[in-house]
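Numbering of ligands and ligand atoms starts at 1, following listing order. The basis for the numbers below is simple: all heavy atoms, side chains too, and nothing from hydrogens, waters or symmetry mates.
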Amino acid sequence: MEALALERKAEQNRELRERLMQLKKERNAIILAHYYQRDEIQEVADFRGDSFLLAQKAASTDADVIVFCGVHFMGESAKILAPHKTVLVPDERAGCPMADMVNPIGLRELKAKHPNAKVVTYINSSADVKAETDICCTSANAVKVVNSVDSDEIIWCPDKNLGHYVSQHTDKKMIIWEGYCNTHDMLTIKDVEEMRAKYPNAEFVVHPECRPEVVAMADFVGSTTGILKYCRESNHKEFIVGTEDGTGYQLRLDSPDKTFHFASKFLVCPNMKVNNLKKVVRALETMQPEIYVPQDVADKARLSLERMLLVK
Ligand code: 13P
Ligand code: SF4
């Protein structure tokens, strides 16, 4: 962008931030932002987090209105956990293709084939699927949740890559759904090899939504929060990062003296990037788009989320 356009954008963002402050007070609203959101949203968030921390925050906040900046299933989870609050999203088109890869009919069919199995569903799923689920998990607690379940047989959905990672850390039999994240699944062995050749002193950290053969190359495997913590606490100064590029905002904030190279230019979730600051302000101005979950679905889905929040 040329200098004048950059200046104009900075001025616009200043005005939007001021308007947002005012609206937040008027509505008693809180802004929750996933680590994959654009920097301009993470900058104004009251709370940044991964899907687990954000679900916890939604369940415990005193605010009347939650503006959930992430993708649709995250806003839905917030509404399920805080049914009396108004949950807004900046743009209802921000979905998660992986969440759409499983539906309640298919899941019911699989349950019928494995009547003794318990269903563990990644939080990246619709409310309808959560309503068919025994317990939810996120990438931050997936292994702990699976091992906490009172059954030797687990139906796991929808992410096959995270499912494969979990299966290496449990003795339980895992029946794994074939879903995947279009963004993380795009990272290849070749991408990582090229980055390692370019940055031989860097450690490679990766999200378990990546392919098993890529995860096997990593110096550290962890959820978004796991990666942030590892990089913050490590004595290493340089990292190749195998997760979504929005994470760079918090990585650089935590460790301004360290260098982060994203493992591929394709590690950008287009769904997360549908949201922007202007849309956050507009959501609070118009109180739209609002998330609704039918009560019968929400009541069933809530059990699966609350069970997850109780796992220590
Ligand atoms: P986290 O569970 O690490 O927040 O990841 C959510 C997600 O959408 C990953 O692609
Ligand atoms: Fe869904 Fe992948 Fe985007 Fe996460 S990064 S929201 S799993 S598409």
**Q.** Polar contact flag for Ser223 and ligand 1 (N/O pairs, less than 3.5 Å)
**A.** no
(Q) Closer than 4.0 Å to some heavy atom of Tyr36 - which atoms of ligand 1 meet that? (A) 5 (O), 7 (C), 9 (C), 10 (O)
Q: Show your reasoning for whether side-chain contact (heavy atoms from CB on, under 4.5 Å) applies to Val120 and Thr133.
A: CA-CA 6 Å; Val120 180; Thr133 290; over 6 Å; no
Q: Taking the side chain as every heavy atom from C-beta outward, state whether Glu132 and Lys111 have any atom pair closer than 4.5 Å.
A: yes
Q. Taking the side chain as C-beta and beyond, is there a heavy-atom pair between Asp134 and Val149 under 4.5 Å?
A. no
Q. Which atoms of ligand 1 sit under 4.0 Å from any heavy atom of His184?
A. 10 (O)
Q) Within less than 4.0 angstrom of ligand 1, does Glu244 place any heavy atom? A) no
Q: For residues Tyr36 and Asn275, determine if any side-chain heavy atom of one lies less than 4.5 Å from a side-chain heavy atom of the other.
A: no
Q) Considering only heavy atoms of Val71, which atoms of ligand 2 have at least one such atom less than 4.0 Å away? A) 6 (S)
Q. Non-hydrogen atoms of Ser139 versus ligand 1: any pair closer than 4.0 Å?
A. yes
Q) Going by heavy atoms in the side chains, are Tyr122 and Leu162 under 4.5 Å from each other? A) yes
Q) What protein N/O/S atoms are found closer than 2.8 Å to atom 2 (Fe) of ligand 2? A) Cys181 SG
Q) Would you call Phe260 and Ser255 a side-chain contact if the rule is heavy atoms closer than 4.5 Å? A) yes
(Q) Any nitrogen or oxygen of Thr224 lying under 3.5 Å from a nitrogen or oxygen in ligand 1? Just yes or no. (A) yes
Q) Is Thr138 close to ligand 1, meaning an N/O of one under 3.5 Å from an N/O of the other? A) no
Q) Between the side chains of Gln37 and Tyr35, does any donor sit under 3.5 Å from an acceptor? A) no
Q) Going by the atom numbers of ligand 1, which of them fall below 4.0 Å from some non-hydrogen atom of Asn124? A) 7 (C), 8 (O)
Q. What residue and atom, counting heavy atoms only, is the protein's closest point to atom 10 (O) of ligand 1, and at what distance?
A. Glu209 OE1, 2.8 Å
Q | Closest protein heavy atom (residue, atom, distance) for atom 2 (O) of ligand 1 | A | Ser51 OG, 2.7 Å
Q. Among His207, Lys273, His34, which one satisfies side-chain hydrogen bond (donor to acceptor under 3.5 Å, both in side chains) with Glu244?
A. Lys273
Q) Atoms of ligand 1 less than 4.0 Å from His34 heavy atoms? A) 1 (P), 4 (O), 5 (O), 6 (C)
(Q) What I'd like to find out is whether the side chain of Ile227 reaches to under 4.5 Å of the side chain of Phe239, using heavy atoms alone. (A) no
**Q.** Rounded distance (nearest 0.5 Å) linking atom NZ of Lys229 with atom OG of Ser234
**A.** 11.5 Å
Q) Is there side-chain contact between Val297 and Pro294, with at least one heavy-atom pair below 4.5 Å? A) yes
Q.
If you define the side chain from C-beta out and look only at heavy atoms, does anything of Ser126 sit under 4.5 Å from Lys130?
A. no
